[in-house]
Amino acid sequence: MTTFESLGLSAPLLSALAKNNYTAPTPIQEQAIGPIMDGRDIMAAAQTGTGKTAAFTLPILHRLQAAPKKVSSNQTRTLVLTPTRELASQIADNVEKYGSGLNLKYNLVFGGVKINPQMMKLRRGTDVLIATPGRLLDLYQQNAVKFNELETLVLDEADRMLDMGFIRDIKKIIALLPKKRQNLLFSATFSAEIRELAKNLVNDPVEVTVTPPNSTVDRIEQCLYPVDKNKKSALLVHLIKEKKHTQTLVFCRTKHGANRLTTTLNKKGITAAAIHGNKSQNVRTRALADFKDNQIQVLVATDIAARGIDIAQLPFVVNFDLPNVAEDYVHRIGRTGRAGRSGLAISLVSMDEGKQLNDIERLIKLNIPRESVEGFKPSQQLGETDLSRAAKKPKKPKKPRNNSDRNRSENKPRSESKPRPNKSRSGNKPKPRRA
Ligand code: AMP
């Protein structure tokens with residue numbers, strides 16, 4: 001059996017892993033850590049929940065520590081690019097957790113917050129810089145970050161970055177980097193677009209695939225409750241109270257829906273908070289921390305806000321509304337049953353969601369078992385999905401647009417953002433966030 005010791009990780013890393021009760025490497029870690037430690041390029045197909053963050057973080061920290069260097073001012077030895085500030089923060093948390101015994105410098109930069117403190121911190125030089133693409137380019141234009149000493153580039157969740165319209169930013173950033181470097185490309189899936197990007201990026205890569213698409217679904221118990229739309233909140237309250245789950249993540253399709261549901265739950269004595277694109281970063285961080293500490297029982301989230309939320313052992317996910325894009329269902333329920341643990345995902349489905357249900361059931365090739373609760377039976381039958389009909393090709397997520405959750409400054413691709421002044425903006429007040 002492969003162990004972290006047998007992979008050759010250094011003693012401080014092994015002790016950090018032991019402290020965090022990581023007993024054995026996950027499959028992606030087993031396959032990726034060795035080649036990355038050897039300096040190879042990697043193309044890895046791995047979803048959130050597989051342990052992919054540690055799969056690149058651990059060998060990077062190992063290599064940095066094995067060849068310590070004084071990094072010059074504003075330079076960084078490693079750059080990790082990721083699409084959202086939530087993911088960026090989680091990677092930074094991981095880096096700090098695993099690297100606590102190492103004498104390395106980490107930095108985290110993303111948009112939507114003041115740029116000046118980030119510029120100050122970059123001055124001392126960085127071993128691992130975790131960044132969202134738009135803010136990184138802003139910092140580069142202001143000479144706050146330089147790449148002459150860069151050794152390793154990680155593109156994390158590359159498919160999401162492309163979906164979110166970051167391709168031009170990514171290409172610009174890659175063009176700024178030294179030619180000789182190690183490249184680690186992580187993506188949930190390897191579409192033609194990702195392969196095209198990879199062609200000009202990775203050099204003789206080791207290819208690693210750990211989860212065939214959608215296979216996470218297999219280890220998650222799923223069920224659905226056909227219910228009238230106006231009874232969904234009451235049914236949810238009933239289920240939460242009955243099942244006595246402490247940490248429940250509830251998905252809503254819209255921000256208003258998430259707010260409304262949060263208010264209803266709180267009125268019924270269930271502590272809940274909403275996270276979505278209209279909430280400030282501080283409010284979201286706080287809500288997530290309270291949820292992790294069991295201070296609040298329910299986190300109500302929209303798809304974008306929830307993307308990449310990292311909560312170990314999340315036992316219970318509820319789809320209050322079904323997502324419009326069937327693949328989002330798989331992403332949503334993938335929040336539960338992580339790192340080999342089992343979880344329960346339930347969906348409350350009203351008559352008007354029949355089409356979404358058909359798309360989902362064809363995608364996962366399963367008729368989700370149906371349940372009912374006395375007093376919440378629907379007034380009309382919800383039709384069965386004919387699985388023999390092929391699943392429709394999943395729609396591409398929409399491009400960011402105004403008033404959507406994606407319209408957040410750190411996630412906004414440069415091509416979509418307002419023209420920026422060329423002059424240095426240091427000293428300028430940051431743009432007010434959309435509240
Ligand atoms: P990730 O796929 O990187 O988002 O990681 C998913 C979750 O699994 C995170 O909460 C990690 O802390 C946890 N994790 C990663 N590797 C291991 C491991 N080898 N043993 C136990 N938990 C792990």
Side-chain angles (χ1 to χ4, degrees), residues 1-9 13-34 36-37 42 44-62 80-100 108 128 130 154-161 184-189 208-217 219-220 247 249 288-289 291-294 299 301 305-317 330-343:
M1 199 185 77
T2 314
T3 60
F4 285 116
E5 285 81 1
S6 68
L7 290 169
L9 290 168
L13 290 171
L14 292 175
S15 83
L17 291 171
K19 230 192 279 170
N20 285 286
N21 298 320
Y22 287 18
T23 44
T26 64
I28 179 82
Q29 293 161 3
E30 258 181 275
Q31 295 174 58
I33 289 178
I36 298 175
M37 279 169 69
I42 287 272
Q47 297 174 340
T48 305
T50 55
K52 68 177 168 74
T53 315
F56 64 78
T57 308
L58 291 168
I60 285 175
L61 293 173
H62 178 96
V80 182
L81 280 179
T82 192
T84 68
R85 52 185 153 192
E86 274 81 11
L87 277 167
S89 304
Q90 280 160 26
I91 296 169
D93 287 348
N94 276 282
V95 168
E96 272 167 21
K97 191 158 77 176
Y98 309 136
S100 57
L108 167 65
V128 183
I130 301 127
V154 182
L155 292 189
D156 180 45
E157 307 241 341
D159 49 347
R160 287 266 159 248
M161 289 203 274
L184 314 178
L185 177 64
F186 283 78
S187 190
T189 53
V208 181
T209 301
V210 285
T211 36
N214 307 334
S215 73
T216 38
V217 175
R219 59 185 157 76
I220 297 164
Q247 285 183 318
L249 178 60
L288 191 58
F291 184 63
K292 284 186 176 178
D293 293 349
N294 287 322
L299 198 60
R307 196 148 280 158
I309 285 180
D310 175 26
I311 305 156
Q313 282 183 303
L314 189 58
F316 194 32
V317 167
V330 179
H331 287 297
R332 285 180 177 189
I333 72 168
R335 309 282 115 209
T336 181
R338 331 193 79 190
R341 298 178 187 107
S342 66

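Along the sequence shown, the residues carry numbers beginning at 1. Indexing begins at 1, ligand by ligand and atom by atom, following the structure's order.
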Which atoms from ligand 1 have a heavy atom of Thr53 less than 4.0 Å away? 1 (P), 3 (O), 4 (O)
Considering residues at least two apart in sequence or located in another chain, which fulfil the side-chain hydrogen bond (donor to acceptor under 3.5 Å, both in side chains) criterion with Ser6? Thr3
Please report whether ligand 1 has a polar contact with Pro25, defined as an N or O pair separated by less than 3.5 Å (distance criterion only). no
Would you check if the side chain of Thr26 reaches a backbone N or O of Thr50 as a donor-acceptor pair within less than 3.5 Å? yes
Taking 4.0 Å as the limit for heavy-atom contacts, which would you say applies to Gln29 with ligand 1: side chain only, backbone only, both, or neither? side chain
Pick one of side chain, backbone, both or neither for how Ala24 approaches ligand 1, counting any non-hydrogen atom pair under 4.0 Å. backbone
Validation row: Leu155, Met161 side chains within 4.5 angstrom (heavy atoms): yes
Would you say that Leu7 contacts Leu58 through its side chain, given a criterion of any heavy-atom pair below 4.5 Å between the two side chains? no
Using only atom types and a distance under 3.5 Å, with no angle test, would you say the side chain of Thr57 pairs donor to acceptor with the backbone of Val95? no
Would Tyr98 count as being in polar contact with ligand 1, using the rule that some N or O on each side must be under 3.5 angstrom apart? no
Please determine if Thr23 has a nitrogen or oxygen closer than 3.5 Å to a nitrogen or oxygen of ligand 1. no
Proximal ligand 1 atoms for Thr50, defined as those under 4.0 Å from one of its heavy atoms: 2 (O)
Please work out, at 4.0 Å between heavy atoms, whether the side chain, the backbone, both, or neither of Phe4 comes within that distance of ligand 1. side chain
Checking Thr2 now: which residues fulfil side-chain hydrogen bond (donor to acceptor under 3.5 Å, both in side chains) with it, not counting sequence neighbours? Glu30
